[in-house]
Amino acid sequence: MFLLYMNTNLDKIIVVGDRVLIQPSDSTDRTRSGLYLPAGYQDKENVQSGYILKCGPGYPLPDMDDGEDWNRRERAPRYLPLQVQPGDLALFLLKNAIEIKYNNEKYFIVPQNAILMVERDDF
């Protein structure tokens, strides 16, 4: 379940850019709501599922200020937010994921473009 990550100290982790931190779910052929995963999903291990724990700020947007160089003010960076959010069950391409170990737990760092679909409980 998604709440398993509460026992570890993930508050220190900051995910950057368009990436998300995913806790892999147990191997199964369907999701908890009954969505069946593709045939051969576990054999080929091309697709993995897991719960999104943290999200980066999104895609950075360019600074569109046309002002003079001498008159520029320091502005905070702007981002296009991600579609996914913490708590979503994600199906993602394993070849694009980076596996990490943190506090003896296995996680994946995945760019949003490697996520095929998400299952969200509330709409």
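By convention here, the first residue in the shown sequence is residue 1. Basis for what follows: all heavy atoms, side chains included, without hydrogens, waters or symmetry-related copies.
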Completion exercise
d(M117 CE, L89 CG) to nearest 0.5 Å is 8.0 Å
Exercise for the section: Rounded to the nearest 0.5 Å, what's the gap from NZ on K101 to OH on Y107? Could you check? Expected result: 10.5 Å
Practice task
Say whether, by atom type as modelled, one donor and one acceptor occur between the side chain of Q48 and the main chain of P24 under 3.5 angstrom.
Solution key: no
Exercise for the section: Treating Ile, Leu, Val, Met, Phe, Trp and Tyr as nodes and any side-chain heavy-atom pair under 4.5 angstrom as an edge, say whether V118 and L80 lie in one connected cluster. Expected result: yes
Problem - Nearest-0.5 Å distance that lies between atom CG in L53 and atom CD1 in I13 - result: 8.5 Å
Problem - Validation row: L82, Y59 side chains within 4.5 angstrom (heavy atoms) - result: yes
Practice task
State, yes or no, whether a side-chain contact exists between L93 and L116 at a heavy-atom distance under 4.5 Å.
Solution key: yes
Exercise for the section: Taking the side chain as every heavy atom from C-beta outward, state whether I52 and V110 have any pair of such atoms under 4.5 Å apart. Expected result: no
Exercise for the section: Kindly compute the distance separating CD1 (I109) from CD1 (I100), expressed to the nearest 0.5 Å. Expected result: 4.0 Å
Handout entry: Neighbour count >12 (heavy atoms, 6.0 Å) for atom CG, L61
Key = yes
Practice task
Identify the two heavy atoms, one from E105 and one from Q23, that lie closest to each other, and give their separation to 0.1 Å.
Solution key: OE1-NE2, 4.2 Å
Problem - Taking every non-hydrogen atom, the tightest pair across F92 and A97 - result: CE1-CB, 3.8 Å
Fill in the blank from the handout: Residues K54 and P86: closest non-hydrogen pair is CA-CG, 4.5 Å
Practice task
Enter the distance from K12:NZ to Y102:OH here, rounded to the nearest 0.5 Å.
Solution key: 5.5 Å
Problem - Closest approach of R120 to Q83 (non-hydrogen atoms, all atoms of both residues) - result: NH2-O, 3.0 Å
Handout entry: N/O donor-acceptor pair under 3.5 Å between S49 side chain and S25 backbone
Key = no
Practice task
Indicate if I98 and L21 have the same hydrophobic cluster label, given that clusters are the connected sets of ILVMFWY residues with side-chain heavy-atom separations under 4.5 angstrom.
Solution key: yes
Handout entry: Gap separating the CD atom of E119 from the CG atom of D121, nearest 0.5 angstrom
Key = 6.5 Å
